[in-house]
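Let me begin by presenting the structure, written as structure tokens, before commenting on it.
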2 protein chains.
Amino acid sequence: MDLELVASDAQEGKKQELKLWLRLLATTKLMSQEIRRRLRREFGATLPQFDLLAQLYREKDGLRLGELSSRTMVTNGNVTGLVERLEADGTIIRERLPDDKRVTVARLSEKGRTYFEGMAEAHERWIKEMMAEVEPAVLKRLLSELGQVKESAQRHLSEED
Amino acid sequence: MDLELVASDAQEGKKQELKLWLRLLATTKLMSQEIRRRLRREFGATLPQFDLLAQLYREKDGLRLGELSSRTMVTNGNVTGLVERLEADGTIIRERLPDDKRVTVARLSEKGRTYFEGMAEAHERWIKEMMAEVEPAVLKRLLSELGQVKESAQRHLSEED
DNA sequence: GGCAATTGCTTCAGGTCTCAACGAATGTCT
DNA sequence: AGACATTCGTTGAGACCTGAAGCAATTGCC
């Protein structure tokens, strides 16, 4: 048995979490930069906008801004601006509820729906392309193991709300 | 054998990449939001600043802004602003090279070095804490499998530079 | 040497992001 | 009913981020 290997294993084993975190960050950054670039080039959209539209796409009746905020993990203040811009170019429609005049509901316009469908199709193609060299079995395992990481992180947030 | 399960496997197998991508995004976002929050609360720093300082910490002689930019995956224009702010509060020092007056080198100040060491220690603790419920073997496998994803993505960027 | 291409950083416009504070509408409690 | 608290969205300051354009220093080619 190689002592040096044992030693380095012991050393590096200690920082396993940190390494994984850095790789997680790097991988996500790399991919999202590429996706951003393509969304911009081919559709004049941004990733947060795409994300928001994706949520609205699966809810025909629209969503309250608060719901949108928590589903996209985007702060309230930020949702306001996003929705404003998307409404300005006719992709979505915003209206107040008569019952409760505090809440605003956003939903896709007809134009927005077709617009999004085009983007979604391309988006899925890009993702597949980028992960083309990863075996299906690996993808599947990654999905489940990443789930564990997410669960663990979720349970260790400060001041759970 | 359960036909329904086969059917759903066939269905969902098609979107495996997309699902993984979404989970990757969600996990990273969740964790980085938490790290941001804590860095801000306890050190008055931001994640990109921490990232930049980490690069400088391991290079005593400092780095050119271009190097910093590529190592942190942050655009040039953005590095300028980051470095300006960090220089303003005395964390880093910026100086032009006499040989080539185009290049600027940034390095940690003494104050910055101690400051960063405190942050790094806390940062590593937080990460470990968040991943506490994930088994070491899983961490190790994730590291290698995520590496595959990163490699694959890297080879499928548009207009490779 | 002289001039074009390249390199390295800065600047700018527009979008995203967080946190904190605000204002209006609704709920709750006495 | 009246006072207080909560919920929902907006606003504002400051930082980050991208892509593109700008400018200065350096290199390379003739």
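Chain identifiers are assigned alphabetically (A, B, ...) following the order of the sequence lines, protein sequences preceding nucleic acid strands; residue numbering begins at 1 within each chain.
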>> So, OP1 or OP2 of C/dG14: does either fall under 4.0 Å of a side-chain N or O from A/Arg40?
In response: no
>> Under a plain distance cut-off of 3.5 Å, with no hydrogens placed, do A/Asn76 and A/Ser69 share a side-chain donor-acceptor pair?
In response: yes
>> So if I take every side-chain heavy atom of A/Arg94 and compare against C/dA20, D/dT10, C/dC9, which nucleotide ends up nearest?
In response: D/dT10
>> As a test of reading the structure: which of C/dA20, C/dT7, C/dT11 is closest to the side chain of B/Arg102, going by heavy atoms?
In response: C/dT7
>> Nearest to the A/Pro48 side chain among D/dC17, C/dC17, C/dT26, which nucleotide is it?
In response: C/dC17
>> Counting only heavy atoms not in B/Arg40 (residues, nucleotides, ligands), do more than 12 fall under 6.0 Å from its CZ?
In response: no
> Using a cut-off of less than 4.0 Å, is there contact between a side-chain N or O of B/Thr75 and OP1 or OP2 of D/dT18?
Replying inline: yes
>> Ignoring hydrogens and geometry beyond distance, is a side-chain donor-acceptor pair present between B/His156 and A/Glu34 at under 3.5 Å?
In response: no
>> Pick the closest DNA chain D nucleotide for B/Gly77 and for A/Val79 by heavy atoms, then say which residue is nearer the 5' end.
In response: A/Val79
> Given that B/Asp100 and A/Met73 both sit by DNA chain C, which one's nearest nucleotide is further toward the 5' end?
Replying inline: B/Asp100
> When you match A/Arg96 and A/Arg36 each to their closest nucleotide on DNA chain D, which lands nearer the 5' end?
Replying inline: A/Arg96
>> Measuring from the side chain of A/Gln33 (C-beta onward, heavy atoms only), which nucleotide among D/dT11, D/dT18, C/dG8 has the closest atom?
In response: D/dT18
> Under the 3.5 angstrom rule, does the side chain of A/Arg64 hit a backbone N or O of A/Thr104 as a donor-acceptor pair?
Replying inline: no
